[in-house]
Amino acid sequence: MLYPEQTATRTLADLTGLWKFKIEDGHVDPAKPLRGYEWMAVPASYNDQVTDLGKRNRVGYFWYETNFSVPVDQLKKRNVLRFGSVTQNAEVFLNGQEVGKHIGGFTPFEFEVNKYLKAGDNNLKIRLNNLLDNTTVPSALQKNENGELSQQNRFDFYNYAGIHRKVQLYTTAQTYLEYVAVNYKIDGEKTFVHPDIKIIGGYDQVVVTILDEEGKVVARGDEEATLTINSTHRWQPLNAYLYRLQVKIYVADKLVDSYNQEFGVRTIEVKQHQFFINGKPFYFKGFGWHEDSVAHGKGENLPQVNLDLNIMEKMGANSFRTSHYPYSEETMRLADRKGFVVIDEVPAVGLYENFAVTLGGSFKEGKTWKNLDPQANHKLALREMIERDHDHPSVVMWSVANEPASHEPGAHEYFADIIRCAKQMDPQKRPVTVVNIMNADAEKDLIGDLVDVICLNRYYGWYVDFGKLELAKKQLKVELEKWHKKFPEKPILFTEFGADTIAGMHSLYHAPYSEEYQVDYYQANFAVFDSCEYVQGEQLWNFADFVTEPGMIRVGAENRKGVFTRDRRPKQVVQLLRQRWRNK
Ligand code: BDP
């Protein structure tokens, strides 16, 4: 799906701001004004804008409403209503009529709305829910006790709900660019760009132009042409360079559509247990992260994202994973511009029937691939992520699931299909991974042969060998050697490792939860990584403390594994990371 932009032929209006909001507690007629509402900021989660706990944690349906005006002339154009994301599922009503539905909380969707739209005042309502179950991604166990819905999440972050990203109304002519993928092949200094372009409606001529960062034209042709960049400026990690592919569509001599797609030129290769970007081995340094900030919840918070990436850059980090769902389009664009390397993850988190997330210590085996049925929604979310993100140079790998039950019968068949889909959908055919959970170790895991890179979430010294770092080191090394022996050609990447740490807690004896223990923990892990040349990266868990469900080991309903607090105060380990990464 194209990123919305205002151009010579397209207009773009922002509909966000303060909307009316109401929890559904009976029938709501979409044709009538919402009654008994309160005000809610959009985009943002609703949960952290209310003070009542019951309301905050409600499982069910919610209504949002706003009014907006449309100029008379605008109705001659094609009008599209676009949502950056609504979490988890949405039904959209314009002027009392249902326009459409969307399943999934982390990708954009849009509807052509001309038949519902009026000149002058319009009324827009969204009915959304935060419902998750055995068929959805993310996954949860849904219960209905005495008419009360409740959910037990199979994941470790708060199930924020709301209109999380922008709501926009844009226009195009009746002839318009529907899809573009900037496909290219590199040969030395030259890049041959052969864009895949889909146009709806009649036209006479298409002019495709590639512009460099200064806006200078470097190649031009029609929609069938291969365009050549003669001396290519590569997109490099932390040294970004972006070109712009401009598509102009004409009917007779009249320009009817004009659109710009940014892209970067780089190569990716996985071989000899290394990950190569532009022919050079790339070592991942960085974080698993979350869209999670004060009052916004999971709502888009661009200043926060900008600050976080600036902090990461200063620390010498070069990468992040969009754990555990696709992040906002703005974040992806910023990553492109700053040269961050991204592992883009679909919201398939919790595909593990008996995973008790607040870690009551239980890893009871289940029959995930029999009793859960997420395949259709998993593929839908995957398609929407890849359709949105395929041209981002920052994205170097797809993560098609976080910590599934990859050791239970049926896992191989399930993931063979999902990974085949991902490869098929991606015009760039990037590497694909499945992030592995610690109890599906090298001996038990059934899907390592399917992935390009082995990505491990490991907590030696925390969930296992708690407080015993010497033992943790030994066990980690033993496990790593097994993985390497099984898949000698595949790079191994740590996508999670970490220890809960209460900022300000200090301990003479470096007790777990103290800032000293977090330093020791990371030092111990690094010592092992550095002794294994096939380890090709370290992404810590987590960049910052984040909100989750309350639990005995979730102090203040937060996961405290951040190297920063939720309000971005650094913990002691930040110094160590900075020294390590700036020299690595
Ligand atoms: C892993 C999950 C992650 C959790 C983390 C933890 O991938 O979402 O937050 O462990 O327990 O299971 O801190």
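One-based numbering, in listed order, for ligands and for the atoms of each.
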Please list, in number order, the atoms of ligand 1 under 4.0 Å from a heavy atom of Asn559. 6 (C), 9 (O), 13 (O)
Using side-chain hydrogen bond (donor to acceptor under 3.5 Å, both in side chains) as the criterion, point out the one residue from His296, Arg56, His164 that pairs with Ser45. His164
Is the contact between Asn542 and ligand 1 made by the side chain, the backbone, both, or neither, using heavy atoms and a 4.0 Å cut-off? neither
Pick from Lys561, Glu496, Arg554: the one approaching atom 10 (O) of ligand 1 most closely through a non-hydrogen atom: Glu496
For ligand 1, which atoms have a heavy atom of Tyr463 less than 4.0 angstrom away? 6 (C), 11 (O), 13 (O)
For the pair His484 and Tyr534, name the ring-plane relationship: parallel under 30°, tilted 30 to 60°, perpendicular over 60°. parallel
Under 4.0 Å between heavy atoms, the region of Phe157 that gets near ligand 1 turns out to be neither
Taking 4.0 angstrom as the limit and counting only heavy atoms of Phe546, give me the atoms of ligand 1 inside it, by number and element. 9 (O)
The atoms of ligand 1 lying under 4.0 Å from a heavy atom of Asn457, numbered in the order shown, are 7 (O)
Cation-pi check, Arg333 to Tyr3: give yes when NZ or CZ is under 6.0 Å from the six-membered ring centre and within 45° of the ring axis, no otherwise. yes
Near His324, which atoms of ligand 1 are under 4.0 Å from a heavy atom of that residue? 3 (C), 7 (O), 8 (O)
Note: Glu329 and Gly84 closest approach over all heavy atoms is OE1-CA, 4.1 Å
Using the ring of Phe487 (Phe, Tyr or Trp, six-membered ring only), decide whether Lys490 places NZ or CZ under 6.0 Å from its centre and within 45 degrees of its axis. yes
Name of the residue among Trp541, Trp581, Phe546, Phe497 meeting ring pair (Phe, Tyr, Trp, His ring centres under 6.0 Å) with Phe287: Trp581
Looking only at non-hydrogen atoms, find the nearest pair between His290 and Ser323 and report the distance. ND1-O, 3.6 Å
With heavy atoms only and a cut-off of under 4.0 Å, state how Phe155 meets ligand 1: side chain, backbone, both or neither. neither
